[in-house]
Amino acid sequence: MTLRSQLLAASALIAAPILAQAGEIAFAPVPFAADDAAKRAVLASERVTIDGKEHAIGFTTLARSGDRIGDAVFAALTDRHGQVVRSEDGSEHVSVDADFTSLLRVGGKLFSVTHFESRPGAMYVSELQQDASGKLTPVSTKPVDFSEFGGVWVPCAGSVTPWETHLGSEEYPADAREIEEATALEQIDDYDFPMVRYEGVDPATMTLEQFREAYNPYRYGFPNEVTVAEDGTAKAAKHFAMGRVAVELAKVMPDRKTAYISDDGTNVGLFMFVADREGDLSAGTLYAAKWVQTSDEGAGAATLDWIDLGHADTATIRTAIEKGVKFSDIFETAAMAEDGTCPEGFLSSNAEDRAECLKVRPGMEAVASRLETRRYASMLGATTEFRKMEGIAHDPDHGKLYLAMSEVSKGMEAGAKQDRGGRDDIRLAKNACGAVYELPLGDDFRATAMKAVVAGKPTDYAADSPYAGNMCDVDGIANPDNITYIPGYDTLIVGEDTGEGHQNDAVWAMKLGDGALTRIFSTPYGSESTSVYWYPDIGGHGYLTAVVQHPYGESDEDKLADAADARAYVGYIGPFPAMGK
């Protein structure tokens, strides 16, 4: 072990010792939503017992989509000039797709930053007031300005850095090769089209040329950071050096340099970024994980090798983007043989849900690593077979990460068609209910292995069962998404993003010692539970943030009786007593 590694290990142990005896926390369970009234409600644990003492909690709504807070409408999507963009019906677009919401202490004030997972995306910074009981109330809100970056795209989950800034995301960036090679709009995924509203273009009437002029795919797909000042002004940055993928979230470790980046979608990878300097994510070295399978039992297990994708800095990559670099400037391409092999000099990739033979053009390695991160990682031998990679949580008590995988399917199955162009590193049986994995961390915060700690259980309920319509065991998890850990209490919080798995998405508290699960939150029809994130002590109170995204929007649309019920809920479970720092 190097001296640096010894010092890091020692400092980690001093900051977060392995607990000999965890504290005790027990939530009052929320019953399964068995009737129509419960399926329409937002339900949360009403009580929690902490170290033998009971406390009243519950769910408090900070705001809902469309609320006027101070001088602004919360969740309105705006263009480059700050004007609200229009929906297809001509109405002003107020997003129901609220996602991660941070709580940030800045000087003597408290702020939140909320994502809206739309195209164009939005983030709103809100000032909050806290009363003596711990109740939080928003007093003002305004959108964060991303105009210098061409806007923000589909911001999904996020985290709070050790230096207390908001670390956001951009999910599902477009395939730049598809856009460059298209000869008609019909050849491009129309998921990308609404973003042009940011530049004042109407997606219903645009031409292919107008689309390309308004939308540069390489501007989107990066971790981003929002720094809030005590006067409420917010400064946005995009961290181009951290790589371009479908960023679910980036999570910075206690060394203030190492960050893990989860990648959502099909044929995706797991990435680790090590910054050059503490507290500065603008330059560093990027790595991609290689799954070396050790077990195919259940949701599997593996050791992890890390493939070095090279060093880069934000300024260099941003310059390439703004100069208009295209896919064909980065790669040469060739046809793949039927047996999955490539011509001499070309390397295979199964990323981006397609099999390709690629060769990096001379001098474009750094640009390839940051703008075509998945493809480049796959070419170099990293594993790009994961499916629906979601939340990340750090457990300082035991030196572990937890990583949610919403499904174990497609490229993660042995011999799947998505393995063509890859190496079939992951060879597991399908589990459409998903799993959460634990990743032990080494001395330098580098994950060394990965194994499932809990998995959903596919279940076939009879048509006349009260659980009919649920494809996963109603007493277990389904399609885990956002996760967080409560230090000192050996408890992992798991939120769901499930369609058929559970009719009503839930949030669970899991005791890591025995795996016991308690449902602590239940959301209305068609919702996604997002933004579970633990804050142990803000002004003498603890908070578990929680968001109800797009009620009636993912399923059961026919159950919506009042349009107002479709608005997102942004709020928290609590307040708890302070439970550490």
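Quick note: residue numbers are just sequence positions, from 1. Bear in mind that the values here come from a model prediction, so they are computed numbers and not experimental data.
- Ring geometry for His398 against Tyr485 counts as perpendicular: the plane angle is over 60°, on a 0 to 90° scale with 30° as the lower cut.
- Donor-acceptor pairing under 3.5 Å is lacking for the side chains of Glu170 and Asn224.
- Between Phe116 and Phe74, the ring centre distance stays below 6.0 Å.
- Between Ser65 atom OG and His550 atom NE2 the span is 11.0 Å, to the nearest 0.5 Å.
- For Lys430 and Glu413, the salt-bridge test fails: no basic side-chain N is under 4.0 Å from an acidic carboxylate O.
- Closest non-hydrogen pair, Asn479 versus Gly499, comes out as OD1-N, 4.4 Å.
- No side-chain heavy atom of Arg519 sits less than 4.5 Å from a side-chain heavy atom of Val507.
- There is a side-chain donor-acceptor pair under 3.5 Å between Lys39 and Gln503.
- Between the NE2 atom in His394 and the CG atom in Leu441 there is a gap of 5.5 Å [rounded to 0.5 Å].
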Intermediate values then yes/no, side-chain contact (heavy atoms from CB on, under 4.5 Å), Leu544 and Tyr533
CA-CA 6 Å; Leu544 177 61; Tyr533 205 86; 5.8 Å; no

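- For Phe273 and Tyr260, the ring centers are positioned 6.0 Å apart or more.
- Checked against a 6.0 Å centroid threshold, the rings of Tyr124 and His115 do not count as neighbours.
- Checked against disulfide (SG to SG under 2.5 Å), Cys472 has the following partners two or more places apart in sequence or in another chain: Cys433.
- Taking the six-membered ring where the residue is Trp, Trp508 and His502 present tilted rings, their angle falling between 30° and 60°.
- Contact record, Thr484 with Leu492: O-CD1, 3.4 Å, taken as the closest heavy-atom pair.
- Residues Tyr287 and Phe271 keep their aromatic ring centres 6.0 Å or farther apart.
- Under 3.5 Å, the side chains of Tyr525 and Asp36 contain a donor-acceptor pair of N or O atoms.
- A donor atom on one side chain and an acceptor atom on the other are found under 3.5 Å apart for Asp51 and Tyr489.
- Closest non-hydrogen pair, Leu270 versus Ile261, comes out as CD1-O, 3.8 Å.
- The line from OG1 of Thr491 to CH2 of Trp534 is 9.5 Å long, rounded to the nearest 0.5 Å.
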After noting the C-alpha distance and the side-chain angles of Tyr402 and Tyr437, does the key distance pass the ring pair (Phe, Tyr, Trp, His ring centres under 6.0 Å) rule?
CA-CA 6 Å; Tyr402 299 101; Tyr437 293 82; over 10 Å; no

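- A donor-acceptor pair under 3.5 Å is formed between the side chain of Glu164 and the backbone N or O of Arg105.
- Here the two rings, on Tyr572 and Tyr543, have centers that are under 6.0 Å apart.
- The pair Lys388-Asp264 meets the salt-bridge criterion, since a charged nitrogen lies less than 4.0 angstrom from a carboxylate oxygen.
- In this structure, Ser406 OG and Glu390 CD are separated by 5.0 Å, a value rounded to the nearest 0.5 Å.
- Exactly one of Ile477, Asp490, Val453 qualifies for a side chain to side chain contact (heavy atoms under 4.5 Å, CB included) with Met510. That residue is Val453.
- Taking CD1 of Ile50 as the start and CD1 of Ile486 as the end, the distance is 8.0 Å to the nearest 0.5 Å.
- The closest side-chain heavy-atom distance from Ile493 to Ile483 is not below 4.5 Å.
- Remark: Thr285 OG1 to Asp276 CG distance equals 6.5 Å, nearest 0.5 Å.
- A donor atom on one side chain and an acceptor atom on the other are found under 3.5 Å apart for Thr266 and Arg387.
- Residues Thr384 and Val268 form no side-chain contact, since every pair of their non-hydrogen atoms from C-beta on lies 4.5 Å or further apart.
- Residues Glu117 and Tyr172 have side chains that never bring a donor and an acceptor to within less than 3.5 angstrom of each other.
- Judged by distance alone, the side chains of Thr165 and Glu225 do bring a donor and an acceptor atom under 3.5 Å apart.
- With sequence neighbours excluded, no residue forms a side chain to side chain contact (heavy atoms under 4.5 Å, CB included) with Pro466.
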